[in-house]
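Sequence lines set the chain letters: A, B, ... in the order given, protein chains first and strands last, and positions in each chain run from 1.
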Protein chains: 2
Amino acid sequence: MTGGTAPHPTGDELLRILAALGNPHRLRIVAALTEGGRNYVSRLARELGIGRPLLHMHLQRLEAAGLVAGSLEQAADGKAVKYFEVTPFAFALTPEAVAQAAATITQEEKETVKETAK
Amino acid sequence: MTGGTAPHPTGDELLRILAALGNPHRLRIVAALTEGGRNYVSRLARELGIGRPLLHMHLQRLEAAGLVAGSLEQAADGKAVKYFEVTPFAFALTPEAVAQAAATITQEEKETVKETAK
DNA sequence: GGCACCTGTCAAAGAGAACTGACACATCTC
DNA sequence: GAGATGTGTCAGTTCTCTTTGACAGGTGCC
């Protein structure tokens, strides 16, 4: 099994992943979930010492990159709790991998689309 | 030699590397240097279609992360030219690697320390 | 009801990164 | 000298990201 190391992520995916991990808080979040296992937002925020809104945003970014996965569950006492856990990702960071991914970067046409306005 | 895959970068190093690669331009720069081999600033800027000052900044960031290396050389006709080339890096991106690196993140004490305030 | 816990979102402020244009310097060629 | 090439840096604008505080909702327990 396994699937080996380094699938072939598209340029945009790799970019999203690298950008997501290139942040102290998010790196710590992934580390906390890796070592402590699944955890829910409010608790994680308390443990990391950051605000809930902030953690919420970071988790969203990590989830968008596919590095963590969240699921809203129903606790035994009926309260809604959102648990997050890390996705077992594995990427090889080498010049070749970068070169290959870079070839498929979507040029994000940041066209300030003021299309015909009105 | 080599050192195989995945040395044990400190948290700050990993952070610098990920942040450096988490950018479209920089990812393309590494790709260009990987495929086209060493190249000098002005030429690279022309090929990538971006301004020299901008490329200069990105290269500096990549160099600070240890992903590329530059050397100011003397061309045959006496002109000074700065060549850049990629450093053969190799990192494994996994939850475990992240957890391990995250443990050594320098907490940048953003001290705003207004201790004792008044 | 009131309190404690969970969830989510928003707007506004703040910080940092990105980008541009202009400048100064050097060398070789015409 | 003028023009083309290369180097570097600086100041200022712009943009994106980050961060906070306040608000909305939900449930269970005393």
- Under 4.0 angstrom between B:Lys82 side-chain N/O and D:dG6 OP1 or OP2: no
- Note on the structure: Quick note, side-chain hydrogen bond (donor to acceptor under 3.5 Å, both in side chains) partners involving residues 76-85 of chain B, not counting sequence neighbours, are none
- Closest to the side chain of A:Arg61, out of C:dA18, D:dT9, D:dT18, is D:dT18
- Does a salt bridge link A:Arg28 with A:Glu47, judged by any charged N lying under 4.0 Å from a carboxylate O? no
- Among D:dG6, D:dT18, C:dT7, which is the nearest nucleotide to the side chain of A:Leu72? C:dT7
- Task: Using a cut-off of strictly less than 4.0 Å, decide whether A:Asn23 has a side-chain nitrogen or oxygen near OP1 or OP2 of D:dC17.
- Result: no
N/O-N/O pairs, protein side and nucleotides 24-28 of chain C side, under 3.5 Å:
| unit_1 | atom_1 | unit_2 | atom_2 | d |
| --- | --- | --- | --- | --- |
| C:dC28 | OP1 | B:Asp77 | O | 3.3 |
| C:dC28 | O5' | B:Asp77 | O | 3.4 |

- Item | Along DNA chain D (nearest heavy atom to each residue), the more 5'-positioned of A:Pro53 and B:Pro53 | B:Pro53
- Query: If only side-chain N and O atoms of B:His25 are considered, is one of them under 4.0 Å from the OP1 or OP2 phosphate oxygen of C:dC19?
  - Reply: yes
- Item | B:Leu44 CG to D:dG8 P, straight-line distance once rounded to whole Å | 12 Å
- Message: Any side-chain N or O of B:His58 below 4.0 angstrom from OP1/OP2 of C:dC19?
- Response: yes
- Message: Let me spell it out: for each of B:Ser42 and A:Met57, pick the nucleotide of DNA chain D with the closest heavy atom. Which residue's pick is nearer the 5' end?
- Response: B:Ser42
- Query: Can a side chain N or O of A:Arg46 be found less than 4.0 Å away from OP1 or OP2 on C:dC6?
  - Reply: yes
- Message: What contact category does A:Arg43 fall into here, base, sugar-phosphate, or nothing, at under 4.0 angstrom with non-hydrogen atoms?
- Response: nothing
- Does a nitrogen or oxygen in the side chain of B:Tyr40 sit under 4.0 Å from OP1 or OP2 of D:dG6? yes
- Task: Please determine, for the side chain of A:Leu54, which listed nucleotide (C:dA18, D:dT20, C:dG8) has the closest atom?
- Result: D:dT20
- Query: Could you state the interatomic distance from CG (A:Leu33) to CG (A:Leu62), rounded to the nearest 0.5 Å?
  - Reply: 8.5 Å
- Message: Which nucleotide wins on minimum distance to the side chain of B:Arg26, given the candidates C:dC6, C:dT9, C:dA18?
- Response: C:dA18
